[in-house]
Amino acid sequence: MSIPLLEYKPSSQNQRVDGYEVPGEDTPYIYRLEDCVDQTDISELIWAAYRQVFSEHVILKSSRQTNLESQLKNRAITVRDFVRGLAKSETFRSLVIDKNSNYRLVDVALKRLLGRSAYNNEETIAWSIKIATLGWGGFVDALLDSEEYSTAFGDNTVPYQRRRYKGRPFNLVTPSYADYWRDQEEAGRYKWGDINNFRDLARSLSIKMVEFKPVSTENISIPDTTRKTAPTGTPASISTAAGFPLR
């Protein structure tokens, strides 16, 4: 039996009130499937979805979901289904899910899928319980099938950060993993020139004590290198500059 979503009190965030700001560089560009007239427009919409869900400005070929892309280009699925597939993909799992706690996953999912941050800690706890009971897939379905998502984006609009007055956009403040994991990766990374490298090298060296052994010249045998017979014949040289005659 699934635990119902705990009640929480929504706060008056920017996206819940009408805005009067003048459009500028911070105004997000809205990608809608009904606005696409050719394959170029659909390709731009697909890349916008990748940037929104994966929060990666450079998408590797191995990260692309070509099956989902083909279905969207043929209008076999909606943009909502495409976003759902990206959020449930193994690439997203390896980039985000496996490296974060449930609390941070709620923060990332709300910003990338609903275009807003959590109202308060109560909402974060409520949705984290959904992850624990339904799993990541059930949590994604709960967000994308919610009334809030349908009202804000519908079936054919790529999610975007709905309102922003100040600060950086969500895709810059929610990287793949949080500070804790990044610090762990940084601590385990080899750094050239770090003093700890030399300390580890010094500890790994096996030092052997040099034993002093006195040596007497009486015990040294010097071989006789004198010639027994005088050399005979004509000296020869292969160097033309030498004073010896050529043979």
Side-chain angles (χ1 to χ4, degrees), residues 10-60 63-65 68-69 71-73 75 77-89 91-92 95-97 100 104-120 123-124 127 136 139-178:
S11 59
S12 296
Q13 292 184 345
N14 292 341
Q15 78 279 351
R16 300 185 67 236
V17 297
D18 294 332
Y20 299 98
E21 67 273 12
V22 177
E25 61 179 8
D26 290 338
T27 303
Y29 184 86
I30 302 176
Y31 292 86
R32 298 186 180 91
L33 187 60
E34 53 265 26
D35 296 335
C36 298
V37 296
D38 53 20
Q39 292 299 319
T40 301
D41 293 339
I42 296 181
S43 297
E44 292 179 356
L45 183 146
I46 289 174
W47 287 115
Y50 276 120
R51 290 192 300 268
Q52 177 67 23
V53 178
F54 288 169
S55 190
E56 300 287 340
H57 295 281
V58 178
I59 304 299
L60 300 178
S63 301
R64 295 182 58 180
Q65 309 298 312
L68 292 173
E69 292 182 24
Q71 294 182 63
L72 183 60
K73 290 179 180 179
R75 308 298 176 99
I77 60 175
T78 62
V79 175
R80 191 200 303 239
D81 294 332
F82 183 73
V83 171
R84 191 194 310 269
L86 295 183
K88 291 183 178 182
S89 63
T91 301
F92 190 88
L95 289 176
V96 181
I97 300 176
N100 291 286
R104 176 168 169 76
L105 289 177
V106 170
D107 179 56
V108 170
L110 291 179
K111 290 178 178 179
R112 298 186 186 181
L113 302 182
L114 289 184
R116 66 169 177 85
S117 57
Y119 293 128
N120 43 47
E123 184 183 22
T124 301
W127 284 115
W136 175 254
F139 168 65
V140 171
D141 291 336
L143 288 183
L144 297 184
D145 295 334
S146 64
E147 181 180 356
E148 180 181 359
Y149 186 95
S150 299
T151 303
F153 309 114
D155 287 330
N156 296 320
T157 302
V158 177
Y160 56 90
Q161 185 173 345
R162 286 181 269 172
R163 295 288 298 280
R164 179 163 68 95
Y165 282 126
K166 59 182 180 180
R168 295 178 297 170
F170 288 157
N171 62 341
L172 296 181
V173 297
T174 54
S176 297
Y177 39 82

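Just so it is clear, the model here is predicted, and its values are computed rather than measured. Residue indices begin at 1 and follow the sequence shown.
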Check against side chain to side chain contact (heavy atoms under 4.5 Å, CB included), Arg162 and Leu114: CA-CA 8 Å; Arg162 286 181 269 172; Leu114 289 184; 4.3 Å; yes
Distance-only, no hydrogens or angles: does the Trp127 side chain make a donor-acceptor pair with backbone N or O of Asp107 under 3.5 Å? no
Looking only at heavy atoms, what is the nearest atom pair of Phe54 and Ser89, with distance? CZ-OG, 3.8 Å
d(Lys73 NZ, Cys36 SG) to nearest 0.5 Å is 11.5 Å
Without swapping roles, check the side chain of Arg112 against the backbone of Pro159 for a donor-acceptor pair under 3.5 Å. no
Output yes when a side-chain donor or acceptor of Asp38 lies under 3.5 Å from a complementary backbone atom of Asp41, and no otherwise. yes
Could you grab the distance from atom CG of Asp141 to atom NZ of Lys88, nearest 0.5 Å is fine? 3.0 Å
Are any non-hydrogen side-chain atoms of Arg64 and Thr91 less than 4.5 angstrom apart? no
Show the nearest heavy-atom pair for residues Leu113 and Leu143, with the distance to one decimal. CD1-CD1, 4.1 Å
My understanding is that only one of Thr157, Asp155, Asn156 makes a side chain to side chain donor-acceptor pair (under 3.5 Å) with Arg80; could you say which? Asp155
Any side-chain heavy-atom pair from Trp136 and Val140 closer than 4.5 angstrom? yes
Rounded to the nearest 0.5 Å, how far does CD1 of Ile77 lie from CZ of Arg84? 10.0 Å
Can you confirm whether Glu34 is buried at CD, in the sense that more than 12 heavy atoms of other residues, nucleotides or ligands lie under 6.0 Å from that atom? yes
Measuring only between side-chain heavy atoms, which start at C-beta, is Asp81 closer than 4.5 Å to Gln71? no
Minimum heavy-atom distance Phe139-Leu105, with the two atoms named: CE2-O, 4.5 Å
Side-chain heavy-atom pair Asn100, Val108 within 4.5 angstrom cut-off: no
Aromatic ring centroids of Tyr29 and Tyr160 under 6.0 Å? no
Do you know the tightest heavy-atom contact between Lys111 and Gln52? O-NE2, 3.5 Å
Quick one, Leu33 and Arg75 - any side-chain contact, counting heavy atoms below 4.5 Å? yes
Okay, side chain of Ser55, backbone of Arg51: is any donor-acceptor separation there less than 3.5 Å? no
Val158 side chain reached by Phe153 side chain, heavy atoms, under 4.5 Å: no
Could you tell me if the side chain of Tyr50 sits less than 4.5 Å from the side chain of Gln65, heavy atoms only? yes
At their closest point, which heavy atom of Glu69 faces which heavy atom of Phe82, and how far apart are they? N-CE1, 3.8 Å
